[in-house]
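These notes are about the structure you will find just below.
One is the number of the first residue; the rest follow in order along the sequence.
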Amino acid sequence: MSTPAEIVSEVKTNLLYASISLKKEENERNQKEDSARMLKARRAIEAYLEEKRLHNAIADGWDE
């Protein structure tokens with residue numbers, strides 16, 4: 001049979017592991033959100049540059 005001190009120690013250990021696990025999950029979620037945000041920004045920049053190139057190409061065609 002476990003002593004009360006051993007039970008308390010085991011509970012503390014379990015709480016520590018749970019806390020570490022939650023922090024790890026939070027960090028992973030933040031990394032995924034950051035990656036998705038960066039991808040969205042990169043795609044928006046690419047779309048803007050493509051639109052700008054298209055606009056310039058059309059404008060060059062009309063000027064000549």
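With rounding to the nearest 0.5 angstrom, the OG atom of Ser35 is 8.5 Å from the CE atom of Met38. Taken from CG in Asn27 to CZ in Arg29, the straight-line distance is 9.0 Å, to the nearest 0.5 Å. Taken from CG in Asp60 to NE2 in His55, the straight-line distance is 9.5 Å, to the nearest 0.5 Å. If you take OG on Ser19 and NZ on Lys23, they are separated by 8.5 Å, rounding to the nearest 0.5 Å.
Within the structure, every pair that satisfies the salt bridge (charged side-chain N to carboxylate O under 4.0 Å, His left out) test and touches residues 35-45, not counting sequence neighbours, is listed here: Asp34-Arg37.
Chaining together hydrophobic side chains whose heavy atoms lie under 4.5 Å apart places Leu49 alongside Ile45, Tyr48.
Enclosure of atom CD in Glu33 by more than 12 non-hydrogen atoms of other residues, nucleotides or ligands within 6.0 angstrom is indicated.
Remark: side-chain polar atoms of Ser21 are not paired, donor with acceptor, to backbone N or O of Tyr17 under 3.5 angstrom.
When each of Glu26, Glu28, Lys32 is tested with Asn30 by the rule side-chain contact (heavy atoms from CB on, under 4.5 Å), just one qualifies, namely Glu26.
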